[in-house]
Amino acid sequence: MKSENIVKCPECDSRSISQDISRGETVCADCGLVIAENVIDPREEWTEFGTDGASKSRVGTPSTPLFHDKGLTTAIPWQNKDYYGNGLSGKTRIQFHRLRKWQQRANTANGNERNLAAALVELDRISGRLSLSRRHREEAATIYRMAVDRGLVRGRSIDSMVAASVYLMNQKLQLARSLENIVDVTRCSRKEVSRAHKIIKAALGVRTTIPGPGIYVSRFCNELELPLVVEERSNEVILRAEKLELTHGRSPMGVAAAAIYIASRLEKQFRTQREIADVSDVTEVTIRNRYKELVLHLEIVLE
DNA sequence: ACACGTAGAGAACTGGT
DNA sequence: ACCAGCACTCTACGTGT
């Protein structure tokens, strides 16, 4: 990984690339794109093992919850070759075979570890499809790890528990992903995911604030390429709507979509109901119903 | 093209048993 | 665990500008 050679962000062309060495990441400071990860930390470890100072050289990637062994592995290659590429003698070969076997067992020996290993593969897959940042993946992985530790996964499908962990992380960190967004990228039903989610949430005692429409505004506006003023306007509308309890029992995405529709017209940055419906995963009908309601009760005049 | 309105179907939550 | 009732949303229209 030649991260030190990167000078421009491939996403936004910004030149402010920063290296977070202790996390092993190279990140664009402007758009937050992670350009490289698992970069080896070349700095000397603080702990000194020798007396000459030169022995402080233990390096490696930082620890992360994203691998079942937290990324701290020693790999014994399968080839029966030594460092110079020469073949190993029969005796050594047998010895290495045994070492490999034991390491395999040590890595995934108990059921929990094996479970985690499988789960993290799934987490990686769905995180990719939801384009979650590393921080979000780590939080989801941590939640899943706790669920495994409490024995919650036993007898339930790994996939549904992983999806539920992602959803819980999403709520905890106020990410704007709906349950549908997550169900779409898993192999299990909405019912399974929401049941698993309830179980984990209760067992871990995670408190989440019920997400209001507000959390969707910036994501939708981004996808619609609307300027910041529209975003602010939308939030004002939503705030007033919440005060009048116009949002209760309504799909938050529908309310957000309607607020954006109103705001975009107020700011003369017209977007059609169709366009807004597409990014917000609600239908035009719902946008219409919500926006009529909002306009009526908030006494907003659209010309 | 876009916005508007409606009817029937359907999914999801609540409370009851 | 299943069921009924409920409010809300969706699909699929037709209509109007």
Side-chain angles (χ1 to χ4, degrees), chain A residues 130 152 154-157 159-172 175-203 205-217 219-221 223-227 230 233-234 237-303:
Chain A
L130 291 166
L152 304 176
R154 248 214 169 137
R156 287 181 253 272
S157 85
D159 286 2
S160 69
M161 293 303 270
V162 170
S165 304
V166 171
Y167 186 48
L168 193 56
M169 170 282 293
N170 164 74
Q171 286 189 328
K172 211 174 146 190
L175 219 75
R177 299 286 146 72
S178 66
L179 181 55
E180 277 66 32
N181 291 156
I182 293 164
V183 170
D184 279 349
V185 299
T186 57
R187 284 175 282 244
C188 33
S189 69
R190 186 199 155 97
K191 214 172 182 174
E192 290 173 281
V193 179
S194 77
R195 191 173 348 144
H197 167 252
K198 258 185 216 154
I199 288 161
I200 301 181
K201 195 172 157 183
V206 179
R207 290 180 154 276
T208 53
T209 44
I210 317 121
I215 60 164
Y216 295 106
V217 170
R219 198 183 100 210
F220 294 167
C221 285
E223 288 181 42
L224 291 162
E225 294 176 359
L226 283 163
V230 177
R233 258 272 147 85
S234 312
V237 172
I238 289 170
L239 223 61
R240 290 180 57 202
E242 279 171 340
K243 283 213 180 87
L244 294 178
E245 307 201 341
L246 295 172
T247 59
H248 287 183
R250 274 72 207 264
S251 115
M253 287 149 78
V255 178
I260 292 171
Y261 180 69
I262 292 169
S264 73
R265 291 187 55 167
L266 289 173
E267 295 294 331
K268 307 256 182 293
Q269 297 283 332
F270 301 98
R271 294 293 183 279
T272 64
Q273 295 178 351
R274 180 74 260 153
E275 289 173 305
I276 300 176
D278 281 341
V279 302
S280 60
D281 278 337
V282 293
T283 59
E284 294 164 275
V285 183
T286 304
I287 295 180
R288 281 201 281 278
N289 292 338
R290 287 298 80 75
Y291 117 83
K292 285 284 163 198
E293 229 169 58
L294 294 178
V295 167
L296 180 70
H297 290 95
L298 302 179
E299 289 163 1
I300 296 169
V301 185
L302 297 173
E303 60 274 22

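Just so we're clear, the structure is a prediction, and the values are computed from it rather than from any experiment. What you see below is based on every heavy atom in this structure, not just the backbone, and it leaves out hydrogens, waters and symmetry mates. Below, chain A is the first sequence line, B the second, and so on; all start at residue 1.
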Asks: According to salt bridge (Lys or Arg N to Asp or Glu O under 4.0 Å), who are the partners of A:E275, at least two apart in sequence or on a separate chain?
Replies: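 Salt bridge (Lys or Arg N to Asp or Glu O under 4.0 Å) check on A:E275 returns nothing, list empty.
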
Asks: Taking only Lys NZ, Arg NE, NH1 and NH2, and the carboxylate oxygens of Asp or Glu, determine whether A:R250 and A:E293 approach each other closer than 4.0 Å.
Replies: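 Salt bridge flag = yes for A:E293 with A:R250.
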
Asks: Which residues satisfy the salt bridge (Lys or Arg N to Asp or Glu O under 4.0 Å) test with A:R240, sequence neighbours excluded?
Replies: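 Once residues adjacent in sequence are excluded, A:R240 has no partner under the salt bridge (Lys or Arg N to Asp or Glu O under 4.0 Å) criterion.
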
Asks: Only counting residues at least two apart or in another chain, list the ones meeting salt bridge (Lys or Arg N to Asp or Glu O under 4.0 Å) with A:R271.
Replies: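 By the salt bridge (Lys or Arg N to Asp or Glu O under 4.0 Å) rule, A:R271 matches no residue at all.
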
Asks: Rounded to the nearest angstrom, tell me the gap between atom NZ in A:K191 and atom C1' in C:dC2.
Replies: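 Rounding to the nearest Å, NZ of A:K191 and C1' of C:dC2 are 10 Å apart.
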
Asks: Within this structure, what is the CZ-to-C1' distance between A:R195 and C:dA1, rounded to whole angstrom?
Replies: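 Taking CZ of A:R195 and C1' of C:dA1, I get 12 Å after rounding.
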
Asks: Who passes salt bridge (Lys or Arg N to Asp or Glu O under 4.0 Å) against A:K201, sequence neighbours left out?
Replies: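 If we apply the salt bridge (Lys or Arg N to Asp or Glu O under 4.0 Å) test to A:K201, skipping adjacent residues, there are no hits.
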
Asks: So, OP1 or OP2 of B:dC2: does either fall under 4.0 Å of a side-chain N or O from A:Q273?
Replies: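 False: A:Q273 side-chain N/O out of range (4.0 Å or more) of B:dC2 OP1/OP2.
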
Asks: Kindly give the atom pairs (protein nitrogen or oxygen, nucleotide nitrogen or oxygen) under 3.5 Å for nucleotides 12-14 of chain B.
Replies:
{"residue": "B:dA12", "atom": "OP1", "partner": "A:R190", "partner atom": "NE", "Å": "3.0"}

Asks: For A:A258, enumerate each residue passing the side-chain contact (heavy atoms from CB on, under 4.5 Å) test, keeping only those at least two apart in sequence or located in another chain.
Replies: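 Testing A:A258 for side-chain contact (heavy atoms from CB on, under 4.5 Å), a comparison that skips the adjacent residues, returns A:R290, A:Y291, A:L294.
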
Asks: What string of B, S and - do you get for nucleotides 9-15 of chain C, 5' to 3', if B is base contact, S is sugar-phosphate-only contact and - is no contact with any protein heavy atom under 4.0 Å?
Replies: SSBB---

Asks: Looking only at side-chain N and O atoms, does A:Y291 come under 4.0 Å of OP1 or OP2 in B:dA3?
Replies: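 Answer is no, no contact under 4.0 Å.
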
Asks: Without decimals, in angstroms, what is the distance between A:L246 CG and C:dC8 P?
Replies: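 Computing the A:L246:CG to C:dC8:P distance gives 11 Å.
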
Asks: Among all residues two or more places apart in sequence or in another chain, which pass the side-chain contact (heavy atoms from CB on, under 4.5 Å) test with A:S194?
Replies: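 With neighbours one apart ignored, the set is A:L179.
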
Asks: Can you check the A:I276 CD1 to B:dA1 P distance for me, whole Å?
Replies: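 Interatomic distance, CD1 of A:I276 to P of B:dA1: 18 Å.
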
Asks: Base, sugar-phosphate, or nothing for A:F270, non-hydrogen atoms under 4.0 angstrom?
Replies: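 Since no nucleic acid heavy atom lies under 4.0 Å of A:F270, the category is nothing.
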
Asks: According to side chain to side chain donor-acceptor pair (under 3.5 Å), does anything in residues 279-288 of chain A pair up with another residue at least two apart or in another chain? List the pairs.
Replies: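 Residue pairs passing side chain to side chain donor-acceptor pair (under 3.5 Å), neighbours aside: A:N181-A:D281, A:Q273-A:R288, A:R274-A:E284, A:T283-A:T286.
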
